[in-house]
Amino acid sequence: MATRTDQEEPIMLRPQDTSTRERKNLDGLWRFALDGDRRGRDAGWFARRLDTDRELAVPASYNDLTAEAEVHDHVGPVWYQREVWVPAGWAGRRVVLHLESATHRATVWVGDAEVVSHEGGYTPFEADVTAHVTPGQPVRISVEVDNTLTFRSIPPGEVEQTAHGPRQRYWHDFFNYAGLHRSVWLYATDPAHLTDVTVTTGFAGTDGHVDYRVGWESGPADGAPDGTGGADPDVAVVLRDADGAEVATGRGATGRLTVPDVHLWAPGDGYLYDLELQLVRDGTVLDSYHQSVGVRTVRVDGARFLINEQPFYFTGFGKHEDLAVLGKGHSPAHLVHDVALLEWIGANSFRTSHYPYSEDVLDYADRRGLVLIDETAAVGLNLGMFGRRDQPTFSPDTIDDQTREVHAQAIRELVARDRNHPCVVLWSIANEPESRTAEAEAYFRPLFDVAREADPTRPVGFVNVGLAPHGQCRVSQFCDVIMLNRYYGWYSYTGDLAAAEDAWEAELRDWAGEGKPIIVTEYGADTYPGLHATTPTPWTEEYQVAYLDMNHRVFDRIAEVVGEQVWNFADFATTPGIIRVGGNKKGVFTRDRQPKAAAHTLRARWRGRVAG
Ligand code: BDP
């Protein structure tokens, strides 16, 4: 078997229907059972019909689908199971089972055979299941999904055994939703198939260029019963513009295509070319795959953030995948509606806080010309923030070298999944970790190398927390862009916006001295919709407006600030707590997407602003 795999990252192509590929979507209702005692595997739950009367929806978090606390607050594995008919027309084809995500880890069986396990709740994984299915027959698919967070997971957490059962603790501020949050697919290809593609783009004058690198496998070797062996296949590529007109062609697994009179992808102008990849043998197209391509460049120059060599100013939000009933389940309707609200308010960007989002979100952002800061699920690597000041964050008993391996893999998987999206302009490898100690520096240094090795074309950063202000942070030295979360006037100087303004400006000026671009990735104030006051009163709609105005005055005085992303786009679910009222209320929109007063303030500012 001829294989081209010179990369370390996971190799996968998102399932799609083409002239040679066919998908079958497995979303819908699956049988569901809790397995807090971890009995399922030994008892062989995968080997027979799951003994349960529960059926839950995929995609969705399971937590809010029933009315029961035991489901909502479950800690440990759960099982999903369904049967699927394998299309009769797939005889002789290679059949793959693909899960877009399973939060936070999963093991999958097809019939009685264990086919794949995956760690990490927000990136896809798949298995070649050809040997375990019979076209024209049904097959049972079972998935054990485990929501447990430990010091060896990203994000980290700890399970406390109490007299009333296990309790999951973690150090991040959103509810630990779990389950099958995104689509599950069965798909078929020819035994000889394309395995991956990387595109990078650039331009000079009116000529664009697209560099591509394609991976493939030739299928069973010579003499195989299906007769697919023989000469190595060849790769042919065709680039078409948005009207379907051919603009360039190429041959071979790597190459450069030139695009005359290029229409660049740019913020607000999501122009995409279509790169068709074909695996060809003896004139027959064995596999065809379509990769969208936005031709654009990204670069940091001093304290400027350049897209297509033009200074770019980020406006927008930190978001969450968070919805009533669905939890973190992907919903195309809500995606369309959220992006409509982003466009209404004049946002040109958002951060995928605090984990990789559904690939549908990235595809749509590409098409809408939205700019993304793409973040790993490394949130809550900061024990001190949550009252555990006695324990170091980075130590052999807490977050250690093994965790760093999991974190490195999370970075590789994020980059492998999203590197071809023009909307992604900056990688965020962690949110608000402890970053003041030598241990933090040692932990992060190699992770920046991992990110840069995986993608030499985009800037890399992490999001700094107020506990590690300028002069104390030992990790920001590795960043191309400084990303800051600050709550002057909320968590500090609460209610005193005048004092907050002075302190915030002083700190920002220190950061500006680094000579790097600064994006304020979080600033925000909890706001209870309908609460009002004439005097500056935290939690009122007026205070959120005044708080944002104060921040904007500060940003506008500092040239190195190249972006403002309010925390948060919408209210979202958290664990219960005495500083949260029905979740985190820093949304500019409520959880059901109604605007608070601040939405109109932001709209006036952002719709008036011309990028740059
Ligand atoms: C920051 C976190 C974010 C929180 C936010 C807040 O990055 O996840 O939700 O503060 O406190 O610490 O609202």
Side-chain angles (χ1 to χ4, degrees), residues 121-122 149 154-157 169-177 316-322 327-328 350-357 373-389 393 426 428-436 440 461-469 473 475-476 479 482-494 500 504 507 519-529 538-539 543-544 547-548 551 563-591 596 598:
Y122 304 95
L149 299 175
I154 293 292
R169 313 288 180 210
Y170 46 89
W171 308 284
H172 57 259
D173 181 37
F174 53 93
F175 187 76
N176 187 33
Y177 281 118
F317 301 93
K319 283 186 98 259
H320 264 300
E321 291 190 312
D322 176 89
K328 295 204 173 305
F350 63 89
R351 176 169 58 121
T352 70
S353 40
H354 295 305
Y355 35 82
Y357 286 7
I373 302 174
D374 207 1
E375 188 158 275
T376 69
V379 56
L381 285 71
N382 202 331
L383 304 194
M385 260 178 86
F386 285 76
R388 296 267 292 263
R389 287 175 213 285
T393 297
L426 173 60
S428 166
I429 67 167
N431 180 70
E432 297 196 345
E434 189 279 289
S435 63
R436 285 158 51 136
F462 88 112
V463 175
N464 162 286
V465 65
L467 293 172
C473 179
V475 176
S476 43
C479 298
I482 306 285
M483 290 186 270
L484 303 176
N485 292 353
R486 290 298 184 276
Y487 289 90
Y488 287 93
W490 185 254
Y491 290 123
S492 58
Y493 303 94
T494 315
W504 189 193
E507 196 201 341
I519 302 171
V520 180
T521 35
E522 288 186 26
Y523 60 112
D526 283 275
T527 303
Y528 205 84
W539 289 92
Y543 191 80
Q544 190 180 31
Y547 169 95
L548 294 177
N551 274 270
E564 52 194 56
Q565 293 188 330
V566 178
W567 191 253
N568 187 286
F569 172 73
D571 295 343
F572 58 91
T574 62
T575 45
I578 53 169
I579 60 164
R580 298 286 174 252
V581 184
N584 187 309
K585 289 280 186 287
K586 294 192 184 69
V588 165
F589 296 92
T590 58
R591 199 182 191 207
K596 300 179 190 173

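Order of appearance sets the numbers: ligands from 1, and atoms from 1 within every ligand. As the structure is a computational prediction, the values presented were derived from the model and not from experiment.
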Please list, in number order, the atoms of ligand 1 under 4.0 Å from a heavy atom of Lys586.
6 (C), 11 (O), 13 (O)
Contact partition for Val379 relative to ligand 1, non-hydrogen atoms under 4.0 Å:
neither
Proximal atoms of ligand 1 relative to His354 (non-hydrogen, under 4.0 Å)
3 (C), 7 (O), 8 (O)
Show the atoms of ligand 1 that are less than 4.0 angstrom away from any heavy atom in Tyr491.
6 (C), 11 (O), 13 (O)
Side chain, backbone, both or neither: which part of Lys585 comes within less than 4.0 Å of ligand 1 when only heavy atoms are counted?
neither
Is the distance from the ring center of His354 to that of Trp567 below 6.0 Å?
yes
Enumerated ligand 1 atoms positioned under 4.0 Å from heavy atoms of Arg580:
6 (C), 11 (O), 13 (O)
Considering only heavy atoms of Phe572, which atoms of ligand 1 have at least one such atom less than 4.0 Å away?
9 (O)
If you measure every N/O of Asp173 against every N/O of ligand 1, is any gap under 3.5 Å?
yes
Using side-chain contact (heavy atoms from CB on, under 4.5 Å), reason through Met385 and Trp171 one step at a time and then give a plain yes or no.
CA-CA 8 Å; Met385 260 178 86; Trp171 308 284; over 6 Å; no
What protein heavy atom sits nearest atom 12 (O) of ligand 1, and how far off is it?
Glu432 OE1, 2.5 Å
Any donor-acceptor pair under 3.5 Å linking the side-chain atoms of Tyr488 with those of Glu507?
yes
Less than 6.0 angstrom from the centroid, inside 45 degrees of the normal: does Lys328 satisfy that with respect to the ring of Tyr177?
no
Rounded distance [0.5 Å steps], CG in Asp322 versus CZ in Phe174:
10.0 Å
Structural part of Tyr487 in contact with ligand 1, heavy atom criterion under 4.0 angstrom:
side chain
Could you give the distance from CZ (Arg486) to CD (Glu522), rounded to the nearest 0.5 Å?
10.5 Å
So, Tyr355 versus His320, ring centres under 6.0 angstrom or not?
yes
With atom 10 (O) of ligand 1 as the reference point, say which of Arg351, Glu522, His172 has the nearest heavy atom.
Glu522
Given that the side chain starts at C-beta and the backbone is N, CA, C, O, which of these parts of Asn584 lies under 4.0 Å from ligand 1, counting heavy atoms, or is it both or neither?
side chain
Hey, mind stepping through Trp539 and Val581 against side-chain contact (heavy atoms from CB on, under 4.5 Å) and telling me if it holds?
CA-CA 11 Å; Trp539 289 92; Val581 184; 3.9 Å; yes
Between Lys586 and the options Asp173, Asp526, Asn568, the side chain to side chain donor-acceptor pair (under 3.5 Å) test singles out Asp526
Quick check on contacts: which atoms of ligand 1 are under 4.0 angstrom from a heavy atom of Asn485?
7 (O)
